[in-house]
Amino acid sequence: MNTNNHNKAHIAERVFDYIKNEHLVPRPRWEFVIKNYFFWLLGALAVAFGALACSATFFEIANVDWRLSAATHTTFFSFFLAAAPFVWIGTLALFICIGYINIRRTNHGYRYSLPIIALGAVLTSLTLGTGLYAIGFGGRIDEAIGDHPPFYRPVLVQQQSWWLAPEKGLLGGEVINVASDLASFTLRDFSGHMWEIDGSDLRNPDLTTIARGGIVRVVGLPVQTGTSASATSSSFHACFVFPWNFRGGPKNGLPPPLAVVASTSKRDATTTQSDLCKNIRPYQQLRDIEDSGF
Amino acid sequence: MTLEMHPRQGDDASDEEIVRRTLLDKEAFVFLIKRYEAKLMRYLERLGVGLLEDREDILQNAFIKAYKNLNSFDPTLAFSSWMYRIVHNEAMSFFRAKHARPQVVLNEEGEALITELQDETADTSLLAETRLSQKELTKALETLSQSYRDALTLRFFENRSYAEMSDILQVPVGTVSTLLYRAKHALRDALPKTFSS
């Protein structure tokens with residue numbers, strides 16, 4: 001027997017003896033089948049979570065009004081940093097990675113390249129995410145998850161904070177009462193405080209928005225009335241009023257529009273505004289936005 | 001113990017048939033061992049497992065692992081690819097555990113690789129005058145990363161197709177192509193200037 005033959009017999013014998021002496025038996029097929037399905041399931045779940053993250057991303061993008069960024073932020077870059085849905089995009093990327101890792105561990109997973117799996121996962125997440133956003137899931141997820149991580153605020157809460165700054169001329173809230181001549185209206189801000197809003201400088205698009213009621217954003221100036229801080233209401237001079245229509249959110253997340261009897265035809269709104277309004281920042285830009293039909 | 005081989009039971013049967021038979025009768029597994037051990041021993045040597053005892057231990061572990069996981073063998077793959085994959089993974093675990101560096105040993109091999117490198121070079125008349133020694137090729141291969149060496153070994157020493165390499169290394173076929181392309185370039189760079197210029 002030459003060395004090669006000796007080795008052959010040697011290894012075959014060693015292996016067979018080991019199998020026999022240790023009473024080894026092949027692991028049952030179902031273990032491998034379950035393992036394979038388990039990784040597919042994890043991969044699919046990751047993509048499903050990616051779709052949820054995607055719907056929340058859409059919700060944020062749809063509800064962050066970049067047109068008013070000049071009013072709420074000093075630069076567009078600071079607005080972008082504050083408003084871009086980094087958390088959700090990061091979550092989406094994370095779940096796509098988890099999906100990729102799990103799909104790679106399935107029987108034939110290694111045959112798919114990262115770009116193919118990533119593209120498939122992204123397209124699936126986008127498709128499912130669009131559907132979920134359309135049926136109002138994006139807002140629910142943003143609301144439900146948004147309160148828990150300390151570094152994240154739901155888009156609704158975040159924007160409310162931007163529009164709860166009367167000292168900067170920004171006020172948001174619900175229109176709860178409108179004078180019949182539309183010269184003034186009452187607004188309850190997001191903290192529950194009441195405001196008497198002077199609407200003498202408002203133009204037709206603003207008046208239409210007030211007449212529709214619901215949640216609005218007001219750009220103007222706080223009026224010093226000399227009353228104490230504990231007063232039940234404060235005064236505000238409005239220059240522009242923009243509607244606040246949330247898209248893709250929970251239907252019960254916003255109050256129903258106010259049944260306002262007033263009509264814009266009752267008042268001849270001026271096209272020119274007082275110097276008080278012309279001094280606010282950025283007057284011309286806001287006026288252009290309003291004129292172009294918000 | 002001496003194992004008696006019955007050629008009619010194993011020699012003519014396909015690998016997949018013997019796998020099916022092994023699941024009913026463990027003795028049939030010996031046919032698979034006999035069929036692959038010489039090839040796999042050579043493969044381990046090419047992967048850089050220098051000592052015969054180490055190669056035997058790795059191969060023994062690989063066969064035991066294959067037997068235990070026989071039900072996970074997917075008949076849509078070639079059995080040889082599946083077996084090569086197990087041996088490759090065992091060898092990599094061995095290098096990691098021992099913190100050992102693979103020892104590249106080329107005997108009378110490497111012609112296919114040298115030819116491949118020459119074919120890709122423009123001036124073949126010049127190259128005809130250049131003779132690359134086994135020593136120089138071994139030295140150049142030693143400088144390559146493990147993944148490049150794996151790719152070159154499978155392709156040019158084991159004559160595996162891209163699809164088989166994909167199944168063995170568990171990477172997409174596109175990655176195999178890229179790996180081979182880069183490995184050849186890296187090898188050419190590592191070769192003496194008279195050959196690569």
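Heavy atoms only: backbone and side chains are in, while hydrogens, waters and symmetry mates are out. So you know, we letter chains A, B, ... as the sequences are listed, proteins then strands, and number each from 1.
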Could you check if a side-chain atom of A:P26 sits within less than 4.5 angstrom of a side-chain atom of B:Y67, using non-hydrogen atoms only?
yes

So how far is it from B:L70 CG to A:L24 CG, rounded to the nearest 0.5 Å?
12.0 Å

Can you tell me how far CG of B:N71 sits from CH2 of A:W30, rounded to the nearest 0.5 angstrom?
11.5 Å

Which answer fits B:L77, side chain, backbone, both or neither, if we ask what part of it has an atom under 4.5 Å from a heavy atom of chain A?
side chain

Please evaluate residues B:F29 and A:V15 with respect to the criterion side-chain contact (heavy atoms from CB on, under 4.5 Å), reporting the C-alpha separation (whole Å), side-chain torsions for both, the decisive distance (0.1 Å), and the verdict.
CA-CA 9 Å; B:F29 193 56; A:V15 171; 4.3 Å; yes

Least distance between heavy atoms, A:I11 atom then B:E37 atom:
CB-OE1, 3.2 Å

Would you say the side chain of A:F32 lies within less than 4.5 Å of the side chain of B:N69, judging by non-hydrogen atoms?
yes

Can you say whether B:S166 sits under 4.5 Å from chain A via the side chain, the backbone, both, or neither, judging by heavy atoms?
both

Atom OH of A:Y37: over 12 foreign heavy atoms under 6.0 Å
no

So NE2 of A:H108 and CG of B:D74: to nearest 0.5 Å the spacing works out to 3.5 Å

The test is side-chain contact (heavy atoms from CB on, under 4.5 Å); show your working for A:R111 and B:D167 and say whether it passes.
CA-CA 8 Å; A:R111 290 182 181 173; B:D167 292 332; 3.4 Å; yes

side-chain contact (heavy atoms from CB on, under 4.5 Å) test vs A:I19 passes for just one of B:E27, B:K68, B:K26, namely B:K26

Between B:L23 and chain A, with a heavy-atom cut-off of 4.5 Å, which part of the residue counts as in contact: side chain, backbone, both or neither?
side chain

Contact summary for A:R29 and B:F73, nearest pair of heavy atoms:
NH2-O, 4.1 Å

If you draw a 6.0 Å radius around CZ in A:F76, do more than 12 non-hydrogen atoms from other residues or ligands fall strictly inside?
yes

Counting only heavy atoms not in A:F49, do more than 12 fall under 6.0 Å of its CZ?
no

Honestly, the part of A:Y18 sitting under 4.5 Å from a heavy atom of chain B is side chain

Between B:V171 and A:R104, which heavy-atom pair has the shortest distance, and what is it?
CA-NH1, 4.2 Å

Answer yes or no: does atom CZ of A:F38 have more than 12 heavy-atom neighbours from other residues, nucleotides or ligands under 6.0 Å?
no

For side-chain contact (heavy atoms from CB on, under 4.5 Å), just list the numbers for B:D57 and A:R14, CA-CA rounded to whole Å, side-chain angles, deciding distance to a tenth of an Å, and then say yes or no.
CA-CA 10 Å; B:D57 284 347; A:R14 268 163 65 181; 3.0 Å; yes

If you look at every heavy atom in A:Y110 and B:Q170, which pair is closest and at what distance?
CB-O, 3.3 Å

Taking all heavy atoms of A:A12 and all of B:I33, pick out the closest pair and write down the distance.
CA-CG2, 3.9 Å

Need one label for A:V25: side chain, backbone, both or neither, based on atoms under 4.5 Å from any heavy atom in chain B.
backbone

